[in-house]
Protein chains: 2
Amino acid sequence: MIDQAEHGGLRRALEIAAHPAVPFGPNPRVGCVLLGPDSRVIAEGYHRGAGTAHAEVDALARAGSADTVGATAIVTLEPCAHTGRTGPCTQALIDAGIRRVVIGRRDPNPVAAGGVEVLRAAGIEVDADVPAELAAEAAALNRGWEHGLWHARPLVTAKLALTLDGRVAAADGSSRWITGSAAREWVHRLRARCDVVLVGAGTARADLPALTARRTDGTLHPRQPLRAVMGLGRVPDLPTPERAVPAVQLRTHDPSEALADLHARGRRHVLLEGGPTLAAVFLTAGLVDELIVHLAPKLLGAGPAAIGSLGIGTIADALALDLVDTTLLTSPDGRTDLQLTLRPPAA
Amino acid sequence: MIDQAEHGGLRRALEIAAHPAVPFGPNPRVGCVLLGPDSRVIAEGYHRGAGTAHAEVDALARAGSADTVGATAIVTLEPCAHTGRTGPCTQALIDAGIRRVVIGRRDPNPVAAGGVEVLRAAGIEVDADVPAELAAEAAALNRGWEHGLWHARPLVTAKLALTLDGRVAAADGSSRWITGSAAREWVHRLRARCDVVLVGAGTARADLPALTARRTDGTLHPRQPLRAVMGLGRVPDLPTPERAVPAVQLRTHDPSEALADLHARGRRHVLLEGGPTLAAVFLTAGLVDELIVHLAPKLLGAGPAAIGSLGIGTIADALALDLVDTTLLTSPDGRTDLQLTLRPPAA
C-alpha cells in the first residue's frame, strides 16, 4: 500500500507522462517522480518518445547532484528490464541506490517485462498495490500502445453523433448541431487523446471537416492528432489551422490496410469520425474496439442514417454490442445529450 | 408529518386503490384506510368506478359497527366536497366523527376540490405532508385522469423499441426480438397500467399483435387495456386471448379524433405502440405526452426506421425532447437494454 506522499507522486507522474509535448510514436508514455527519504520530491522525469531517455533515467539525470541513495522512485509503468535503444531502467535504479519503487501498472510487453523481479532480486522494495483509480489512469494512458502489443494494429474508437431515431443529419444534409456544446467539447478532448482522426473521403468532400482538437475558446489543443482521410478518389485539402497539423490520405478501401499504414507510422489509437459508410466498413471487418455514441434527445423522421449497410438481413444477425457506460452530457444552455460507450462482446 | 402507522396505512390505501378489479372509466382511483385511536386498522375501502361508493364511504360502510369516532382516515386523494352521483365524502367523514385525515394528494379537479378546507372548518385535523415517494405514487395512480382534467383528452405515452441506429426491424422485416426479455416484460406491466393500447392499421396487418398484458409466465394480467387499431382500411381481427379482452377499430386518420373517441369511452391513458407512421402522426400533432424508448445496444445498418416522416427538412427544426430518465433493463441472460423516458419541453 502506498502512502500519501507516494499517492501525490503517482498522480504527478501520470500528469507529466501525458505531457502534450511528447510526440506520437510507438513507445508508451511514462512518468517518474523521485521522493527522498523525507518524502520530498527530488526530481521528475518523463519519456519524450522513441530514442530518448526513459522516464526513470530522465528523472535520475535531473536529480543532478542530489542524493538518490535511499530514495523512492514512483513510475507510472513497470521499469523495463531489457536493453532497447536505451539501457534497462532497472539497472539505472539499482545503480542510483533507490530503496523502494512504486509502480502504477505492470508492463504487459513480454519483451520488456520482468522489471519487478530484477528490482526485488537487487533488494529493492517494489509496491504495485496502488488505488484502483490511479491504476485505471495508468492503464488508460497507454491504452493504444497496449492494444498494439497484442493486436499489432492501432486501437479503434468509433464515434457517432445521432438523433434518437438514428439520423446523423436532416433531410437537407444539415447536421450542425445534432448534439449540444458539452458533447462537442468532449469530442475535442477525445481527439487530443488520440493519435489519428480518420474520416472517409465522402465525409471529407461533403463536410470539409477541420478534424483538429480545439479548446472551448477555439484555440488549438497543444496535442493534435494526425488527420487522415481514407479513400481512393481525390479528396479536398482539409481546412488549414493557424499552425501546422499534419494531414494524410490513406489510398485504400480496406480498413486493415489503413490501420497497418497508421501502425507503421507509430500511431496507436485511431478515432473514426465518419461517415456512415466508413463506420460500416470497419464494423463489418470487426475492427471497431470501442463505440462512443452521442445520442441527442431529438427526432428528425428523415435524413441519412448513422450506419451504412452491414450486410445484415434478419434480426437474429444484428451486430450486438455490450453497453459499458452511460453518461449524461449537459451543456451550459441546459441541453442534455446521452453518451453511450459500447464494446464488442468479449470473444 | 405522518407517523409510522399512517405511513403503512397510506401504502396500503395506494395498493387497494390500484386493485385490478376496478373497471376503466372517467373516475380517479382512490383508496382509504381507517385507523383507530390505537393505530390499528378499522376498515379499508376503495372506489370501484363511476356510480359506486367513493373510497371513504366504502371504508366507513365496511367499518360496520366499529366505532369510527376519533379515528384517522387515510385517503390517497383529497376527499371531495361536491355532490356528484354520490354525496360529498367530506360530510361522511364529519358525520362519522373522524378526528384526523391524511391525504396522499390534493385534488386538482376544481369541481371537487376544497375538501381540506371543509374538513378543517369542521374541526378535523388534516395532514397532506406525506413522504415524497408516497406522494409521487399517489400522483402516478391517476396520471391519466389528472391529464384529462386539464386537456380533455387521454394522456398519450408512445413506446418505441429500436436499435442504436434507429431501426425497428431488420431488412427482412423481422423484429423479434430487438430488446431483451426484461424490456419486453416491462412493456407488459406498462400495458396493464394503461387504459388503451393503440396501433396503426399497418402494424395490425403486418404483425397481428396480441396487444394483451401478460405476466412472465404467459398468463393474462387481471387488468387488460382496450386494444385499439386506428385506420380507415380493413383491419384483421387481433389474436383472441384465452379470455375476452375488448378490441376496437378507430375509423380515422386524425389523432385528435381518435383520442376524443377514446376519451368519450372513459379511457384516460393511451399507450401508442406503433408503427412508425402512427408515431409520426401523433408526434407531428403534438399529441405525445411521454416517449419511452427501449434502446437495444445493437446495430442493423438497414431496415425500417422507428419514426416516419415528421415533415422536418433541416436540423434546426428537429423535434427536441427533454430526457427525464435513463434506466438500464438487464435480462436474466445478461443482455442490457437502455430505457429512456422523454417529454416534450415545457411550453
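Protein chains get the first letters and strands the later ones, always in sequence-line order, with residue 1 at the start of each.
For the pair G313(A) and A170(B), the tightest heavy-atom approach, listed with the atom from each and the gap, is O-CB, 3.6 Å. S174(B) and T314(A) make their closest contact through OG-OG1, 2.9 Å (heavy atoms, listed as atom of the first residue, atom of the second, distance). When all heavy atoms of P297(A) and L323(B) are compared, the pair lying nearest together is CB-CB, 4.3 Å.
Contact annotation for T326(A): only side-chain heavy atoms (C-beta onward) come within less than 4.5 Å of a heavy atom of chain B. Looking at L300(A), the atoms closer than 4.5 Å to chain B (heavy atoms on both sides) sit in the backbone and in the side chain alike. Of the atoms belonging to L299(B), heavy atoms from both backbone and side chain fall under 4.5 Å from chain A. Heavy atoms of I178(B) lying under 4.5 Å from chain A belong to its backbone as well as its side chain. R176(A) touches chain B through its backbone: at least one of N, CA, C or O sits under 4.5 Å from a heavy atom, while the side chain does not. Contacts of L321(A) with chain B are made by both backbone and side-chain atoms, with heavy-atom separations under 4.5 Å. Contacts between A280(A) and chain B at a heavy-atom distance below 4.5 Å are absent for every atom of the residue. Looking at L164(B), both its backbone and its side chain come within 4.5 Å of chain A, counting heavy atoms on both sides.
With chain A as partner, the option from I312(B), T163(B), V293(B) having the largest number of non-hydrogen pairs under 4.5 angstrom is I312(B). Contact count versus chain B (heavy atoms, under 4.5 Å) is highest, among T284(A), T336(A), I315(A), L283(A), for I315(A). With chain A as the partner, the residue from A306(B), A302(B), S175(B), A305(B) showing the most heavy-atom pairs under 4.5 Å is S175(B).
The NZ atom of K298(A) sits 12.0 Å away from atom CG of D322(B), with the distance rounded to the nearest 0.5 Å.
By the 6.0 Å contact criterion, CG on D237(B) is open, its count of non-hydrogen atoms from other residues, nucleotides or ligands being 12 or less.
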